[in-house]
Structures are given as structure tokens and as C-alpha cells.
Amino acid sequence: FRVLGEGPWWQWWFAGSCWHCWHRTVAMPVCGAPDSLYIGREFEKATEDLRGLLQGASESKFDFVVIPLFKRPPPEAPLPNGEEYELEPSTNSDLVLDSKTWSSAVVGSLSEWLVPSHTHTPAQAYQCRRALEKELHWASHLGVYGIMLPAPAPETCQIYAASLGRLLLGGTVTTQLMLRVPLLSSPDQVDGWQTWNNIRLLCDHNPRLHVALELTADLPSSEHELERWFAEPVRAVILPADIFLNNEKGFPVLSKRHKALMMRFFRHRVQVIVQGTESTDADTEASKCLHYIARLFQSKAALTPKEQFELPYHDYLQAPLQPLQDDLEAQTYETFEQDPVKYVQYEEAIFRCFQHKLAAGKGSKAQPLAAIVVGAGRGPLVVAVRKSATKAGVEVRVWAVEKNPNAIITLKHRVKLEGWTNVEVVGEDMRFWSAPQKADLLVSELLGSFGDNELSPECLDGAQRFLASDGVCIPCRYTSYLTPVSSPKLWNDVKNYSSLAHFETAYVVKFHQAFYPTKDVKPCFSFEHPNWALSSNDRYAEIEFTSEVESLVHGFAGYFDCELYDGLSVSINPDSYSEGMFSWFPIYFPLRTPVLIKPGQLLKSHWWRCHNDMKVWYEWVISAPTPGAVHNSGGRSYYIGK
């Protein structure tokens, strides 16, 4: 703080009245884990005493305000027609607040009359475009925290979007833009998602355009339609006063459906804006609404250990592992070894196998079982084999085959440290190693997010030559699955690479900001082991989906399920998910051009798994409702090296 009287009066006046001082000492966001909730209040009219308005909002515990940045003409005032639009800010100038306050505590809304109408004359349409440009310039000059664009009219989206597109591409705006979108537009109850989607498409999926979703008293009848918004870039949720109900004590609450919707949005880091009214007790009512929203936010269930683990990976594109081509690092091994489900299932599957072998007269000291762990890593499956043998009461010799020289050091250390007297460590590629004897059991965990995308079929086919005729392979079969997905964020992340190759690459992703237009998850490729006939691992599948709601499909989410042995399985297929398992996230196959599908419309896709002497790759294409180009022809962009 400046000492009183030091420097010009306005310098110490604005410094002493800084919003940040009030914000730190009084108005705090609603604390939560992992994120806090920021709640703002929207005012229909700005006041010349903006500092006083901010202080009042802060004392009511609001974190920011939404105010009109321009003097709004009265309803009967004619739209400027012919004369040049003259900017009329709602405040005297930018000096009414310091820059830090503008940038952290104020969201500025633009004039509602800027939205083009089909009744406008060409001159009026031109004035709308010019006014939009000038108002955006002024808002950017102020450096406000966010700019709220007026809601588009469904019938004139094209004109509005064209104006926005020019300004976004022209570098006019550097601040984040939030487009106000009512959930249902009156009077015809037009679906707000359709309006938003039209704007988004017309603006070429510009990632700087966000949504301020205004809830309405009426909600779409289908929950599936509401779920589309969880995939969209919703930056804020606006709560008008008329959607609140009064409980028996007279306090504002939300209906069950509105409440459930907000609880879902809290998982997506939205900010909440409470709309004010012009009533005499507006401040009191707004404060009650704030406290209700705060209590609602803090009633969220705590994250499970699995959810906490997944949090940093939400909607983060990762290249799939290629353990045949690359040597994994210690941190990667350590992460997988912490899975609380996978190795328990493997151990039980191995135990059942040993029981069956024992019943067949094998596993005695005179005739010990032979187990080969291929792709042994740092040894978790070796531990599972040894534990299962002890539990089943059988004798077993174990060969731990691993090509990563760094993991071999760890395996040899564990042999000495943990007394693995029945384990022999082999530092070779399983496909070329010659086993000293036929194995009763072949164990592997070379499964990827799509089941076969870490070349499990090729590896196990190569290793089965040292499996006895009655030998068991764990896993014994696995199937990949697909479903269409809408994810603007992931698609834009791929687009930002500005290369065709990235649209023809599969990514491992923990989907969060995503929507699925159909609940069907359909099988794609299947494999069984042992593959005694050594039949080809190339595959082709034609998969059809029927959309349940209108949606924009950005690609496909891929999963797998796997039977280890005797009905025991591990799965990331949503229909049979192994609860608590986190070793695998789904895989994402992007589309170069998103596909708009209507309710009941057929989405037909085609999938290939191909190979040559050096690599394995996937190709995919959409043939309906609109034919597209085949992705990744010949493995030109993405492949798994042998």
C-alpha cells in the first residue's frame, strides 16, 4: 500500500481500494478437492459506482461480477441505422478500477442488440458487425477476466458466427470469449446444444470460444441430451433466479434434475454465475443462492484412490506403449505394479490352472510344472506364479523372459534378495529364445488399451512353440471394442499439431470431457491362444452404430476385455469393467473431420488390422452417413514396430 499523501491521490486511492485486498480477506472461493468453486454474480445494469458494487459483491462472498460494459439502449430505442456506432461504455473509463481488478474480478457482457436478426436491413447488419468489433476492442482493452457474448438467435447463427470468426482469426480478441447459450430457447424451446453446435461448426471449432450455459426452468426430456454438455467447453453455468424453488423454510433450492445436473458440472471445473434481479431484496436472495450452491458443491463425494490416480490424465493424449520397440522405464513399471486388481486376477487364474494340472497328476517334486513368464518386466507375474504354486501345493520351475536389459538387472536382484531359487532369468526376446523344455504354462501381460495393440498376438504366437500340447496360455482370449465419442477438447488438441499424421494416430486417453451418442459398445477384433494353426492376425471388421441423440462424433473410444483362464477376466470395456483397475486407459481413434449424426441415424465404420515384416498398424474409415477418407493407409502415420 502507498503511504497516504505519497504520489498523486488517485494512485493511493485505487491501490487502497483494490479488489484483491477484499478478495483475500473476505471473499474466498468455495474450497473443494481437487478444485475450488468460484461463484460470480451477474448484474443487469452497471453503476457508475463500480467500486462500490464490487465491494458489496465481495462482502456477500462472491468471487467476481458480471456486468454490462456498455449502456444498453431502452427497448424502444431504434437500432443504429446509417450513422456510425458510437461506443458508450457503462463506466466513465478504464480508470475506475486498476488493471488487476479488471482482469480478476470482472466479466464483461456485450450489448444484446448486437445479435443479427433476419429483420435487419443491410445497413443495420453492418452496424451490428461494427458494434461487435468496437465492443470487443474495448473489452480487450480493459483486460477483463472474460467477455460474455450475447446469446445467438438460432435462425441467424450464420451471420453472427461469420462476424465472430473474422474477429477471432483477425487477432482482435485476446481474452477468453464465453457465448451465452440458454439450455432451451424461448418461445419454441429450441435445443441450445444445436444452436451452439452450429456456431461452433461455423467458427471452425475455434478453441477460444467457450460456453456460458444458462440453465432454464424446463430441461430437455432426455438425460442423454443433457449429457452432451459435459463434452463441451462449458466455462460457466448461469443460474437465473427463476429456476430456484423455495423449500419449506423459504430458502432457495434447485429441483432434483437441476441439482443432479450441477453435481455433474462440478466435476468439470465450471464456474457458477448467479443472476441477480431488480427487486429490493435482490442482494439477500442472491446471497442465499450462493450459500446453497456452496453447500451443494461441498456435498460432493470424495474422490476414490482410483479417481485420484486418474485425475492428472483426464483428456491428456498419450502415445501408446511399444514394449517390443522401446524399453520401458522404472516409473512405468512401478505405476503398473501398483494396480490393485490386475495381479490379483492373474494370481487367481494361475492358481486355478495349477489346481487343474495337479488333478491331472502333474506338479509333484518328481514332475514339477514348467512355467514361462514372457515379458516379465520387473517380476510381478513371477511373484504371482510363485504365490499360486505355494497356495496350490505344486512344484514349479519358472523362466522369466525379458528383453529389456534394465529390467533384467532388477529381476536378477530379486532372485537373490527374495530367494527365487526356482526362477531362471532369461535376457532375450521371447520370439527368438529357445526354451530348455516344453512349458505347462505360458503367462504374459502384453495387453494394450485395445487388447492387441502391444502385439500380444504376434508375441504369443512366437512363444507358443515351447508350449506343451496340453499347455495353457494366460491370457487365453481377448476382444477389442469400440464406440463413437464426442470430445471437442481432444479433437482440438490433435488439430493443434497441424499435421495429418496426428489425425491418423491412436492415443491412450482417460476420457473425461466426453460424450457417447450411443450406449452400444461393440466388439471389433478377437484373438485366442494358443493359436496352434498360426492363423493370420490380420483382421477386418465392419461395425454399425445407431445414434440415440444428435451429436458431433470426433472419433472412437476403444477398449478390451480379456479372459485370463477359466472364466476369470480383466476388462476396461464399460459393460464389464474390472472395478478399481487402472493399468489401462481407453484408446482414442480420431476422425480427420467430425461427423454430425442425427437421432436414429446409422454410423457405419470399417476397421483393419494389417502387418508387414516390420510393423503392425490399424486403418479406419467412416462410410455412412457420409463417406470419408481411410485413415492411416499403409501405416503411413502410426504403427506398432515389431
Side-chain angles (χ1 to χ4, degrees), residues 322-325 345-346 349-354 356-357 360 362-363 367-377 379-382 384-385 388-389 394 396-404 423-448 450-480 525-539 560-570 609-616 640-642:
Q322 298 210 24
L324 275 187
Q325 184 171 285
Q345 290 293 90
Y346 262 96
I350 296 168
F351 169 69
R352 291 187 187 183
C353 175
F354 284 165
H356 294 159
K357 293 295 181 183
K362 294 185 176 182
Q367 191 182 6
L369 295 171
I372 299 177
V373 179
V374 291
L381 287 183
V382 176
V385 170
S388 298
V394 300
V396 63
R397 288 191 62 192
V398 184
W399 284 266
V401 184
E402 173 57 52
K403 73 171 188 63
N404 183 349
V423 177
E424 181 179 338
V425 177
V426 179
E428 293 188 38
D429 189 316
M430 70 188 79
R431 295 169 296 175
F432 312 117
W433 173 59
S434 296
Q437 68 179 80
K438 293 292 186 179
D440 299 289
L441 175 63
L442 183 64
V443 188
S444 161
E445 56 174 328
L446 292 169
L447 298 168
F450 203 48
D452 61 276
N453 64 296
E454 291 185 13
L455 302 193
S456 179
E458 285 73 18
C459 292
L460 293 181
D461 284 358
Q464 73 180 21
R465 67 187 185 281
F466 42 73
L467 190 63
S469 59
D470 63 344
V472 172
C473 188
I474 296 179
C476 63
R477 64 180 56 86
Y478 39 90
T479 300
S480 55
F525 305 139
S526 293
F527 300 87
E528 292 194 13
H529 299 287
N531 175 19
W532 293 120
L534 288 177
S535 55
S536 172
N537 290 315
D538 287 357
R539 296 288 190 274
F560 79 93
D561 68 20
C562 166
E563 183 183 354
L564 298 174
Y565 179 77
D566 194 29
L568 284 169
S569 65
V570 290
R609 187 185 197 267
C610 311
H611 87 285
N612 61 23
D613 292 340
M614 302 298 295
K615 63 187 182 181
V616 173
I640 307 104
K642 289 185 176 181

Criterion side-chain contact (heavy atoms from CB on, under 4.5 Å) on Cys459 and Val374, from CA distance to verdict: CA-CA 9 Å; Cys459 292; Val374 291; over 6 Å; no
Residues Glu458, Val616; criterion side-chain contact (heavy atoms from CB on, under 4.5 Å); working and verdict: CA-CA 9 Å; Glu458 285 73 18; Val616 173; 3.9 Å; yes
Verdict with reasoning, Leu455 to Arg431, per side-chain contact (heavy atoms from CB on, under 4.5 Å): CA-CA 12 Å; Leu455 302 193; Arg431 295 169 296 175; 5.5 Å; no
Chi angles and distances behind the side-chain contact (heavy atoms from CB on, under 4.5 Å) call for Phe351, Leu568: CA-CA 11 Å; Phe351 169 69; Leu568 284 169; over 6 Å; no
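Here the straight-line distance linking atom CD of Glu528 with atom CG of Leu460 works out to 13.0 Å at 0.5 Å rounding. Rounding to the nearest 0.5 Å places SG of Cys476 at 7.5 Å from CG of Leu564. Here the CG atom belonging to Asn531 is positioned 9.5 Å from the OG atom belonging to Ser536, to the nearest 0.5 angstrom. Here the NE2 atom belonging to His529 is positioned 10.5 Å from the CZ atom belonging to Arg477, to the nearest 0.5 angstrom. In this structure, CG on Leu447 lies 10.5 Å from CG on Asp561, to the nearest 0.5 angstrom. Taking SG from Cys473 and CG from Leu467, the interatomic distance works out to 6.5 Å, rounded to the nearest 0.5 Å.
Between Tyr478 and Pro457, the closest heavy-atom pair is OH-N, 3.2 Å. Of all heavy-atom pairs spanning His611 and Asp538, the tightest one is ND1-OD1, 2.8 Å. Between Ile372 and Phe466, the closest heavy-atom pair is CD1-CD1, 3.4 Å. The shortest non-hydrogen separation linking Phe354 to Val396 is CZ-CG2, 4.2 Å. The minimum heavy-atom distance linking Gly451 with Ser456 is given by the pair O-CB, 4.4 Å. Nearest heavy-atom pair, Val570 versus Phe560, reported as atom, atom and distance to 0.1 Å: O-CE1, 4.2 Å.
Judged as a side-chain hydrogen bond (donor to acceptor under 3.5 Å, both in side chains), the pairs with a partner in residues 463-475 (not counting sequence neighbours) are, in order, Lys362-Asp470.
Put simply, the side chain of Met430 reaches to within 4.5 Å of the side chain of Leu446, judged on heavy atoms. At least one side-chain heavy atom of Gln437 sits under 4.5 Å from a side-chain heavy atom of Trp399. Counting heavy atoms from C-beta outward, Leu441 and Leu369 have side chains that stay 4.5 Å or more apart. Between His356 and Val472, the closest side-chain pair of non-hydrogen atoms is not below 4.5 Å.
For Glu445, the side-chain contact (heavy atoms from CB on, under 4.5 Å) criterion is met by Lys342, Tyr343, Tyr346, Pro380, Leu381, not counting sequence neighbours. Taking Arg539 as the reference, Phe525, Phe527, Asn537, Arg609 meet the side-chain contact (heavy atoms from CB on, under 4.5 Å) condition, with sequence neighbours excluded.
Of the possible polar contacts, none joining the Glu563 side chain to the Ser569 backbone as a donor-acceptor pair under 3.5 Å is found. For Gln322 (side chain) and Ile640 (main-chain N/O), no donor-acceptor pair under 3.5 Å exists by modelled atom type.
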